[in-house]
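One structure below.
Letters A, B, ... mirror the listed sequences (proteins, then strands); counts begin at 1.
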Number of protein chains: 4
Amino acid sequence: MKILVNTKTEGNRLGRPRSEKTRKAILVAAYELLQESGFKNVTVDGIAEKSGVSKATIYKWWANKSAVVLDSFFDASELMLQVPDTGSIEEDLFMQVSNLATFIYSDKGKAVSEFIAEGQFDPNMANEYRQRYFFPRRAISTNIFERAIGRGELKQDLDIEMGIDLIFSPLFYRLLIMGEHIDENYIKKLISYVMIGLRTNS
Amino acid sequence: MKILVNTKTEGNRLGRPRSEKTRKAILVAAYELLQESGFKNVTVDGIAEKSGVSKATIYKWWANKSAVVLDSFFDASELMLQVPDTGSIEEDLFMQVSNLATFIYSDKGKAVSEFIAEGQFDPNMANEYRQRYFFPRRAISTNIFERAIGRGELKQDLDIEMGIDLIFSPLFYRLLIMGEHIDENYIKKLISYVMIGLRTNS
Amino acid sequence: MKILVNTKTEGNRLGRPRSEKTRKAILVAAYELLQESGFKNVTVDGIAEKSGVSKATIYKWWANKSAVVLDSFFDASELMLQVPDTGSIEEDLFMQVSNLATFIYSDKGKAVSEFIAEGQFDPNMANEYRQRYFFPRRAISTNIFERAIGRGELKQDLDIEMGIDLIFSPLFYRLLIMGEHIDENYIKKLISYVMIGLRTNS
Amino acid sequence: MKILVNTKTEGNRLGRPRSEKTRKAILVAAYELLQESGFKNVTVDGIAEKSGVSKATIYKWWANKSAVVLDSFFDASELMLQVPDTGSIEEDLFMQVSNLATFIYSDKGKAVSEFIAEGQFDPNMANEYRQRYFFPRRAISTNIFERAIGRGELKQDLDIEMGIDLIFSPLFYRLLIMGEHIDENYIKKLISYVMIGLRTNS
DNA sequence: TAGTAACCGAGACGGTACGTCCCGTCTTTAC
DNA sequence: GTAAAGACGGGACGTACCGTCTCGGTTACTA
């Protein structure tokens, strides 16, 4: 499931092997700069200086600034995705959405909206974070919905993809377009509204 | 309702008045470049050259590139917002959402996602397009919802803001994050799912 | 006779005029760096930093490092070319050659051999210093020879170009290829040897 | 007389001996690149790739790019220096100078001026080509002059070094500074002019 | 015939400079 | 005062080549 930006098939043994220390130094520097200054203000020169690595080395392994920074983000987020399983679809979804919301509004999470923004101008980047960030999260939600269907809580013929869209998209709409935070009440109400339409008896 | 980027004009009377021809030339050039090359590839030098206007003049009236280009977009979209009123909430919403979707996926509309993207790095810009683009559209939706409540179609105590979020946010989620188009069937199904939760009898 | 690298026809009046201060700052910085570090170690970044001018400005007016540095050299050498006229061809030539030798072996003059060197890889540069440095000097020598012919000292049908070559080329041969200095005795002996072949009665 | 760049070999016996095949491959590749692209455009990476040898190996045996390329030049020029002996100083010198001129203006010989150029910035290199290229040639000229003195053609107390300078330096002056070719007539005239000054009866 | 020292290919790496691009500001003259 | 023309400082970009290094693997003397 995890798609890496660059590893160049580990099986190569010819020549001097890539320095793990260097790779890590780059990612750490990139991530720190991202936290300090935000995506727009991170520069490759800056990463090079901070990490003590030459620009050429950075450009050898990553296509451009976006690629390094994105990679540094995933490298830093040791992202044990939790799979909520409380027995109630509302509970499960609430946990997942509010965890996500908490992260997205946190210092560490503010990069997410910057990545989405940059992704509008850089299709490769967009594809990358979709694969590495959003798809794994949607997979968990799919699981949550499937279990709920199995328990008879939700319609048998439910369009799960749309269910997920309904639950998560307001979060990003508020974040990206309205520029507003949402709170727990909003999430609870949202879930309760949506669930009515998805239930067995509706 | 319409908020302009720059007018400051009103009360000034001394000296040569601002040339309307120049203003228009800038906006037209900016808009054409936006269509041709996308937001990122528009440059102020480019606008100046294409319009035969000096850069100083552009910077005199607009704060930066984003401001001109955004303004050119609104100047070009002679945007008579239509207020659907079919007597059915589903019909009204379907019209509004599918119009919006059609636009957003069109050549002219692709700028919207670029503006949202740039807005993540430029709060002023974000505020600007919110005021000029999104709030007017939400106002119409509010009207649609209020009429439906009045007709008894929807709950009396409905949280209209959240209703609007539920209907519109999947469109942008798919656009900005999933990078996918949505079709009429998606919109219809979406509205039908959501409406169940908002109806009087639910 | 003087051929300038770049002035772009003084008659232009539109737009902000080129800053003489900036031009001078660049040339001064370039010349100082040339003296301090030698041609190879001069960098455009260095000139930019030392002069407080942006690299873009430098590259706007000069094609590359060589062009600026060469220009700075001529700008610094306020080169009142002296035309010796002692009444004796030997005296005249001795003055000219030993002046040249003194300069070429001085700190300021060591750039000349670096320019010639660089000229082997950059035909434009070679042409430039030929026009600005060598041709004017040869013109003076031509004058010296012509006067001597007029006085009857030298053959009427003398190949003046070759005469000049014979007098000056050993200087550069010793400088560029043998890497040796020549002294006054060498010059005197050289002139006396050559003159025998060029005299009327030979 | 022949001074090699690197041999250091002599006394070593332990370990794997240096591969002659590798040495030759490097020199051949370097020389071909020199011919194709000129000195400035030869890169060590290029030599390594073309020869199938690693950069480290190149740097193990030569100090830098200049050293390899210069060495490749001498390796390629199987330079049986001919010693003209026609019985006439004019004839002997004409043969030597015109041979040199022909070479210097040929494709293979254009490297000479590039070496001289590079030598201005790299004293080691300058010393190297002086020892390997110019001194052997001057030795032959010395021989020619000495024989002529022995035959009574030239002055007994002739400054031979200066005689050689006078004959050869115009060739390089024209090549390096004027950027011009010289032809047979030039050489003949040059020799006849110079000889007058050097003869017994002058 | 086994050790071992030196050789060698592959290629990663730090460093330094390059020349380009675009931003937003400033400085002229012309209207 | 408005405007065109265009010079300018700043700052980042991505590229190129240098010379050094670190691996794994090879080769041929010497014990």
Side-chain angles (χ1 to χ4, degrees), chain A residues 8 12-19 21-23 40-46 48 51-61 63-65, chain B residues 12-19 21-22 40-46 48-49 51-65, chain C residues 8 12-19 21-23 40-46 48-49 51-65, chain D residues 12-19 21-23 25 40-46 48-49 51-65:
Chain A
K8 256 191 179 173
N12 61 342
R13 75 235 67 175
L14 245 51
R16 178 177 176 177
R18 182 175 181 188
S19 158
K21 219 180 71 189
T22 295
R23 195 189 73 92
K40 264 285 165 63
N41 296 315
V42 176
T43 68
V44 177
D45 288 84
S51 63
V53 158
S54 87
K55 269 206 295 178
T57 300
I58 298 174
Y59 279 111
K60 169 152 207 180
W61 297 106
N64 49 40
K65 182 183 93 169
Chain B
N12 63 345
R13 71 238 75 185
L14 244 54
R16 178 173 169 182
R18 178 174 183 193
S19 157
K21 217 179 72 190
T22 296
K40 263 286 164 63
N41 297 315
V42 177
T43 66
V44 178
D45 289 83
E49 192 180 3
S51 63
V53 156
S54 88
K55 279 206 290 175
T57 302
I58 297 173
Y59 280 108
K60 171 149 205 181
W61 300 105
W62 288 274
N64 50 39
K65 181 182 98 170
Chain C
K8 257 190 180 174
N12 60 343
R13 72 238 68 175
L14 245 51
R16 177 176 175 177
R18 182 173 180 191
S19 158
K21 220 180 71 189
T22 295
R23 195 189 72 92
K40 263 286 163 63
N41 296 315
V42 177
T43 67
V44 178
D45 287 84
E49 192 179 4
S51 63
V53 158
S54 86
K55 271 206 293 177
T57 300
I58 297 174
Y59 279 109
K60 169 152 208 181
W61 297 105
W62 290 275
N64 48 41
K65 181 184 94 169
Chain D
N12 62 344
R13 70 237 73 178
L14 244 56
R16 177 178 174 179
R18 180 176 180 189
S19 157
K21 218 180 72 188
T22 295
R23 195 190 71 93
K40 264 286 164 63
N41 297 316
V42 177
T43 67
V44 179
D45 289 84
E49 193 181 3
S51 62
V53 157
S54 88
K55 276 206 293 175
T57 302
I58 297 174
Y59 279 107
K60 170 150 207 181
W61 299 106
W62 288 273
N64 50 38
K65 181 183 99 171

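For C:Trp62, no side-chain nitrogen or oxygen approaches OP1 or OP2 of E:dG19 to under 4.0 Å. Between F:dT20 and D:Tyr59, no contact under 4.0 Å exists linking OP1 or OP2 to a side-chain N or O. Contact check, B:Trp61 against F:dT2: no side-chain N or O comes under 4.0 Å of OP1 or OP2. Using a 4.0 Å cut-off, no side-chain N or O of B:Ser54 falls inside it from OP1 or OP2 of F:dA3.
Separation of atoms CD1 (C:Ile58) and OG (C:Ser51) is listed at 5.0 Å; rounding is to 0.5 Å. C:Asp45 CG to C:Lys65 NZ: the interatomic distance, rounded to the nearest 0.5 Å, is 11.0 Å.
Cation-pi geometry between A:Arg23 and A:Trp61 is not met at under 6.0 angstrom from the ring centre and within 45 degrees of the axis.
Counting only heavy atoms from C-beta on, D:Thr43 has its side chain closest to F:dC18 among F:dT15, E:dC18, F:dC18. If you check F:dC18, E:dG9, E:dG14 against the side chain of A:Val53, the one that comes closest is E:dG14. Closest approach to the A:Asn64 side chain among E:dG19, F:dG14, F:dA3 is made by F:dG14 (side chain taken as heavy atoms from C-beta onward). Candidate nucleotides F:dG10, E:dC13, F:dC18 were compared by shortest atom distance to the side chain of C:Ala56, and F:dG10 ranks first. Residue C:Val44 places its side chain closer to E:dG19 than to any other of E:dG19, F:dC13, E:dC8. With F:dC8, F:dA3, F:dG19 as the candidates, the nucleotide lying closest to the side chain of B:Thr22 is F:dA3.
To the nearest angstrom, C1' of F:dT20 lies 14 Å from CD1 of D:Ile58. As a whole-Å value, the separation of C:Asn41 CG from F:dC18 P is 16 Å. The CZ atom of A:Arg18 sits 17 Å away from the C1' atom of E:dA10 (whole-angstrom rounding). Computed from coordinates, the B:Lys60 NZ to E:dC26 P distance equals 13 Å when rounded to whole Å. For the pair B:Lys21 NZ and F:dT2 P, the interatomic distance rounds to 17 Å; values are reported in whole Å. Atom NZ in A:Lys65 sits about 6 Å away from atom P in F:dC13, given to the nearest Å. One atom, CD of C:Glu49, and another, P of E:dC18, lie 13 Å apart when rounded to the nearest Å. Atom CG of C:Asp45 is separated from atom C1' of E:dA17 by 6 Å (rounded to the nearest Å).
Below the 3.5 angstrom threshold, one finds a donor paired with an acceptor across the side chain of C:Arg16 and the base of E:dC26.
In this structure, C:Thr57 and D:Val42 both approach DNA chain F, and ranking their closest nucleotides by distance from the 5' end singles out C:Thr57.
The shortest side-chain heavy-atom distance between C:Val44 and C:Trp62 does not fall under the 4.5 Å cut-off.
Contact annotation for C:Gly46: no contact, since no heavy-atom pair falls under 4.0 Å across all strands. As judged by a 4.0 angstrom heavy-atom cut-off over every strand, A:Lys55 is placed among the base-contacting residues. Looking at heavy-atom distances under 4.0 Å, B:Ala48 makes no contact with the nucleic acid at all.
Listed here is the closest heavy atom pair of A:Ser54 and A:Ala48: C-CB, 4.3 Å.
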